[in-house]
Amino acid sequence: MDNLRILLSIIGVIIALISLIYAKKSFSKDYGVDRENELIEKLRFDFFVTRNTSLECSQLIKELIEEYNLGESLFIDSFTYNDYLRNLIHSQEKHLKEDTIENALNQEATIPFHVVESMIKSINKQKNELSQIYTHLEIVKHNLKSDKRKR
């Protein structure tokens, strides 16, 4: 009887230890270092994609300005192609430099999850807007090429 009690106690302790290990891993994945690393990598990736999309947009605008002399033509709202290109390059130099994310992440204080998530949402919004602009530019370029061939 005593042996059975000891065996059951040992089994109970083993189950408790396994439960604690599982709980720690689950917590770590959702809120700990794993989650932090996952968010930071997502932020880096999304920033990289946004930066590249912005650079592609500025390159395509430069091509359209040079090939089709669109510099002073209206692009979006009251912005000309030249105005938009200047603003885009300024934004790239100020907010989309290669080291921007690394500088933000290398500060002494740890950035809370909700701030990193907010940064990711903001970058994704910019990426989506830039993707729409890039698509618009590709359509303009295609239409201009088609018009040029018809002449």
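Excluded from the calculations below are hydrogen atoms, water molecules and symmetry mates; all remaining heavy atoms, backbone and side chain alike, are included. For the single chain, residues carry numbers from 1 onward in sequence order. Predicted model, so just to flag it, every value in this text is computed and none were measured.
Note on residues 111-135: pairs passing salt bridge (charged side-chain N to carboxylate O under 4.0 Å, His left out), not counting sequence neighbours, are Arg35-Glu117. For residues 78-87, every residue pair satisfying the side-chain hydrogen bond (donor to acceptor under 3.5 Å, both in side chains) rule, not counting sequence neighbours, is listed here: Glu72-Asn82, Thr80-Asp83, Asp83-Arg86.
Under a hydrophobic clustering in which Ile, Leu, Val, Met, Phe, Trp and Tyr are joined whenever their side-chain heavy atoms come within less than 4.5 Å, directly or via other members, Leu144 and Ile76 fall into the same cluster. There is a path of hydrophobic side-chain contacts, each under 4.5 Å, that joins Val115 to Ile123.
Take Lys145 and apply the salt bridge (charged side-chain N to carboxylate O under 4.0 Å, His left out) test, not counting sequence neighbours, and it matches no residue. By the side-chain hydrogen bond (donor to acceptor under 3.5 Å, both in side chains) test, Glu138 is found to be paired with Tyr134, residues two or more places apart in sequence or in another chain being considered.
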Enumerate donor-acceptor pairs with a distance under 3.5 Å from any side-chain N or O in residues 88-98 to protein atoms, sequence neighbours excluded.
unit_1, atom_1, unit_2, atom_2, d
Gln92, NE2, Ser54, O, 2.9
Gln92, NE2, Ser54, OG, 2.7
Gln92, NE2, Ser58, OG, 3.3

Below 3.5 Å, can you tabulate the donor-acceptor pairs from side chains in residues 61-71 to any protein atom, sequence neighbours excluded?
unit_1, atom_1, unit_2, atom_2, d
Glu63, OE1, Lys141, NZ, 3.0

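Put simply, the side chain of Lys42 reaches to within 4.5 Å of the side chain of Asn124, judged on heavy atoms. Between Leu39 and Leu43, the closest side-chain pair of non-hydrogen atoms is not below 4.5 Å.
Interatomic distance, OG1 of Thr53 versus CD of Gln126, reported as 11.0 Å (0.5 Å rounding). For the atom pair Ile139 CD1 and His142 NE2, the distance stands at 9.0 Å (nearest 0.5 Å). With rounding to the nearest 0.5 angstrom, the CG atom of Leu130 is 10.0 Å from the CG atom of Leu55. Distance CG/Asp46 to CD1/Ile120: 6.0 Å, rounded to 0.5 Å.
For Asp77, the CG atom sits in a loose shell: 12 or fewer heavy atoms of surrounding residues, nucleotides or ligands are nearer than 6.0 Å.
With hydrogens and angles ignored, the 3.5 Å screen pairs a side-chain donor or acceptor of Thr135 with a backbone N or O of Ser131.
Among all heavy-atom pairs drawn from Ile133 and Cys57, the shortest one is CG2-SG, 4.2 Å.
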